[in-house]
Structure formats: structure tokens, C-alpha cells
Amino acid sequence: MAPTRELAMQIEEETEKFAKICQLSSLCVYGGVPKNEQLQGLQKGAEILIATPGRLLDFLECGETNLNRVTYLALDEADRMLDMGFE
């Protein structure tokens, strides 16, 4: 999880480098763009999900995804997310 769209997109770019080698799929979801394409990606499934808190909450609240199968959760710049009010 990353606090901003820009940081989430940078993480996705770096993740793609090793995900392909490991035959893993990744998906990045963030606000400021229509949800449809991101929702389709969620429905297909992904082993790695990079998200901003707001968009992830959107998908959780409307029941489009859940966190039941999460094994690891990494918070990038967690202090900044707390400062932004994502408690």
C-alpha cells in the first residue's frame, strides 16, 4: 500500500520487473481514474496488489474484493499515510 498514485505507479513499475520472471501477476489500483479497468483486473485475480488506501477502501466497501487471502501487507511510507488521515 502506498500513500499516493505516483508512488503506487512507481512500485508497480519495479514489481513488474520481477513478477514476470516469477510468473506472478500484479495489479495497481489508485484513485483519479475510472474504476472499471481496475475492477476487471481485480476480477481476473493477481498475486500482487499495489494500492492506495482510498481506492482499496472503495473496492472493499462495495464488496468487489476482500483481504481474506492476504499473506503479506507492506505499507510504504506508513507515517505519511497516518499524517494524511488514513487510520
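Count residues from 1 along the sequence. Values below: every heavy atom of this structure, side chains too, minus hydrogens, waters and symmetry copies.
Shown here are the side-chain contact (heavy atoms from CB on, under 4.5 Å) partners of Lys35, two or more places apart in sequence or in another chain: Arg55, Asp58, Phe59. With sequence neighbours excluded, the residues that form a salt bridge (charged side-chain N to carboxylate O under 4.0 Å, His left out) with Glu14 are Lys17.
Both Leu75 and Leu56 sit in one connected hydrophobic cluster of ILVMFWY residues. Membership requires side-chain heavy atoms under 4.5 Å apart, directly or through other members. In the hydrophobic clustering of ILVMFWY residues, with side-chain heavy atoms under 4.5 Å counting as a link, Leu73 and Leu42 come out together. A single hydrophobic cluster is seen to contain both Leu49 and Leu60, as judged by linkage of ILVMFWY side chains at heavy-atom distances under 4.5 Å, directly or through other members.
For residues 24-34, there are no salt bridge (charged side-chain N to carboxylate O under 4.0 Å, His left out) pairs, not counting sequence neighbours.
Between the CD1 atom of Ile48 and the CD1 atom of Ile11 there is a distance of 11.5 Å, given to the nearest 0.5 Å. Rounded to the nearest 0.5 angstrom, Ile50 CD1 and Tyr30 OH are separated by 10.5 Å. Residue Thr52 holds its OG1 atom at 8.5 Å from CZ of Arg5, rounded to the nearest 0.5 Å. To the nearest 0.5 Å, atoms CD (Gln38) and CG (Asn36) are separated by 9.5 Å. Atom-to-atom distance recorded for Gln10:CD and Thr4:OG1 is 7.5 Å, nearest 0.5 angstrom. Here CG of Leu27 is found 11.0 Å from OG1 of Thr15. Values are rounded to the nearest 0.5 Å.
Counting non-hydrogen atoms of neighbouring residues, nucleotides and ligands closer than 6.0 angstrom, the CD atom of Glu47 exceeds 12 such neighbours. For Glu37, the CD atom sits in a loose shell: 12 or fewer heavy atoms of surrounding residues, nucleotides or ligands are nearer than 6.0 Å.
Closest approach of Gly45 and Ser25 over heavy atoms only: O-OG, 3.7 Å. Contact record, Ala2 with Pro53: O-CD, 3.2 Å, taken as the closest heavy-atom pair.
Without hydrogens or angle criteria, Glu16 side chain to Ser26 main chain gives no donor-acceptor distance under 3.5 Å.
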